[in-house]
Amino acid sequence: MFSLGDLYQQVIIDHNKAPRNFGKLEPCTHDAEGYNPLCGDQLHVYLNINDDEIIESISFEGQGCSISTASASLMTDALKGRSVAEFNRLFAAFHHMATADLSDAPDEEVLGKLAVLSGVKEFPSRIKCATLCWHTLKSAIEHAADPAITE
Amino acid sequence: MNVNQIRQDFPILQQQIHGKPLVYLDNAATTQKPQCVIDTVRHYYEADNANIHRGVHTLSERATAAYEDAREIIRAYFNAASTQEVIFTRGTTESINLVASAWGNANVKKGDEILITHMEHHSNIVPWQMLCQRTGASLKVVPMNDAGELRMDLFAKLLSERTKLVGVVHMSNALGTLNPIESIIQQAHAVGAKVLVDGAQAASHVAVDVQALDVDFYATSAHKMYGPTGVGVLIGKQAILAAMPPYQGGGDMILTVSFDKTRYNALPHKFEAGTPNIAGVIGFGAAIKYIQSIGLAAIASHEKGLLDYASVHAGVFDGLTPIGTAANKACVLSFVIKGVHPHDLGTILDREGVAIRAGHHCAMPVMQYYKVPATARASFAMYNTKNEIDALFSALAKARAIFA
Ligand SMILES: Cc1ncc(COP(=O)(O)O)c(C=O)c1O
């Protein structure tokens with residue numbers, strides 16, 4: 001059986017306690033809000049993307065459970081200095097990891113540290129907690145007018 | 001009252017979750033169903049299924065009789081004056097929407113006020129907001145105090161001749177607070193306002209006598225009373241219901257239809273357009289009979305014992321802050337734990353077999369009041385035991401340890 005320890009790995013506990021890149025970014029070129037209507041999680045992401053399509057700085061603030069906080073913290077850490085094209089690739093890999101078959105091992109080469117969140121797929125009601133920040137960031141980058149909601 | 005025997009009546013409780021005995025403490029969301037309710041619904045489909053009020057054949061007559069018998073059972077439980085006052089709906093939500101639409105459209109206009117409270121469930125907020133948007137009336141809100149009790153002093157101040165209706169929850173699902181609806185109804189009537197009481201939570205925990213209360217509308221859901229989902233009731237005063245236009249049009253709610261003119265059916269059918277949830281209504285009746293066979297007074301006293309026991313545990317649990325500490329409350333222990341988000345609690349407790357609710361409980365203004373995004377909520381029913389509350393607190397201790 002999949003255990004709680006697989007979900008609540010120490011990395012997640014640590015990022016929840018001391019989230020990286022937490023706070024507002026002013027000024028910023030892109031930002032967006034995300035909601036998880038099921039549990040009331042709220043998230044705001046901020047980015048500065050330069051002319052070369054590189055994410056120069058990135059941060060988030062909001063309220064959520066340990067999975068959503070740690071996911072946003074890990075995501076912002078992973079994306080600093082990366083290009084928008086790399087974001088798209090990571091987005092796809094993360095989404096696949098969170099929703100794929102249990103037998104499907106996460107692509108650690110692409111995902112790196114983000115792979116610690118692979119445990120969520122065993123906890124269906126928590127998958128959205130992990131993916132909310134990614135959807136929110138996507139809508140920030142795409143300048144979507146409406147706040148992101150988990151699908 | 002023998003809890004162990006009662007537990008035997010609920011087949012769902014006899015299972016394990018993740019290898020641990022199920023401890024079901026999410027009763028404010030929905031209660032489990034006793035075998036007699038399951039059997040009644042099943043018997044209906046196996047033996048009596050037919051449409052009601054529209055057949056002369058035997059099955060239709062049986063189905064109609066069972067459906068109307070349930071209406072009488074429910075009338076008696078709430079002591080409504082007549083079965084004409086008992087309207088079956090999809091549940092509390094639809095009952096409130098029915099009143100906000102049919103009564104609201106006919107009786108509320110620009111400049112009028114609808115008075116609700118800070119602790120309402122979204123289903124007793126949004127329909128009134130929509131009515132106010134349609135009519136230009138305004139929505140006023142009775143504040144609460146830190147214990148989660150209504151500020152009755154401010155209620156009296158907010159009430160005026162402009163108030164057309166007071167909407168109040170009998171028992172808060174987020175806090176457990178039991179509100180003084182008797183006094184609210186008296187004061188509202190004194191200024192000529194009608195009162196709708198949301199009884200979704202209260203009806204399975206406290207006795208409700210709609211005539212003694214003199215309440216204009218009382219709404220509740222079967223599924224929180226050990227009955228099926230998707231069925232509930234609106235009990236309204238006959239004179240008010242009779243004067244109201246229909247809510248939905250369709251079959252069953254008419255006497256005659258031509259393209260020039262339709263004559264509406266008599267109460268309660270005027271408000272029951274279309275084929276209703278026949279099996280659900282019959283199951284609702286069986287659920288009420290089950291509650292009556294145990295006795296509401298015995299249930300309430302058992303549940304009070306559980307809440308007191310849980311509250312004592314909560315009081316000494318390091319890092320736990322209770323949300324909702326009204327002097328008069330029932331069956332709900334809502335709380336937050338320092339350093340552990342309610343959703344994480346929900347997941348960790350589930351692995352211990354303990355089912356609780358984590359979230360805003362469809363009462364976001366309550367969360368805003370306490371400045372929390374969500375709470376964890378354990379809620380009790382007749383079949384819960386002190387052992388289960390012990391299981392809850394040992395699971396909470398595990399959760400606290402994971403995040404320590
Ligand atoms: C206080 C209260 N009011 C209204 C409702 C809505 O009931 P239903 O969803 O059965 O219509 C609920 C249940 O969630 C409730 O707890």
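To find a chain, count down the sequence lines: A is the first, B the second, and so on, and within it residues start at 1. Small disclaimer: the values here were computed from a predicted structure and weren't measured.
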Next item on the list: Please list, in residue-number order, every residue in residues 389-404 of chain B that has a heavy atom less than 4.5 Å from any heavy atom of chain A; write 'none' if there are none.
Entry: B:Ile402, B:Phe403, B:Ala404
Notebook entry, point to check: Below 4.5 Å, heavy atoms only, C-beta onward: do A:Asp41 and B:His341 meet side chain to side chain?
Noted result: yes
Margin query: Are more than 12 heavy atoms, taken from residues, nucleotides or ligands other than A:Glu109, located less than 6.0 Å from that residue's CD atom?
Written below: no
Note to self: Quick check on the interface: out of B:Asp350, B:Thr347, B:Val340, B:Leu345, who has the most heavy-atom pairs with chain A under 4.5 Å?
What the structure shows: B:Thr347
Check: Could you state the interatomic distance from NE2 (B:His343) to CG (A:Asn36), rounded to the nearest 0.5 Å?
Finding: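 Nearest 0.5 Å value for the NE2-CG distance: 7.5 Å.
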Notebook entry, point to check: For chain A, which residues from residues 367-379 of chain B have at least one heavy atom closer than 4.5 Å to it?
Noted result: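 B:Pro373, B:Ala374 fall under the 4.5 Å cut-off.
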Notebook entry, point to check: Picking from A:Arg126, A:Gln42, A:Gln63, A:Gln10, which has the most non-hydrogen pairs under 4.5 angstrom with chain B?
Noted result: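 Of A:Arg126, A:Gln42, A:Gln63, A:Gln10, A:Arg126 has the most heavy-atom pairs under 4.5 Å with chain B.
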Margin query: Using a 4.5 Å heavy-atom cutoff, which residues in residues 71-88 of chain A come close to chain B?
Written below: none
Check: Taking the side chain from B:Asp344 and the backbone from A:Cys65, do they hold a donor-acceptor pair closer than 3.5 Å?
Finding: no
Margin query: Tell me whether B:Arg7 at atom CZ has more than 12 heavy atoms from other residues, nucleotides or ligands lying less than 6.0 Å away.
Written below: yes
Margin query: Ignoring hydrogens, what is the shortest heavy-atom contact between B:Arg351 and A:Glu122? Give both atom names and the distance.
Written below: NH2-O, 4.0 Å
Notebook entry, point to check: Going by residue number, which parts of residues 11-22 of chain A are within reach of chain B, meaning a heavy-atom gap below 4.5 Å?
Noted result: A:Ile13, A:Asn16, A:Lys17
Margin query: Around atom NZ of A:Lys24, are there more than 12 heavy atoms from other residues, nucleotides or ligands closer than 6.0 Å?
Written below: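 No, because the 6.0 Å sphere around NZ of A:Lys24 holds 12 heavy atoms or fewer from other groups.
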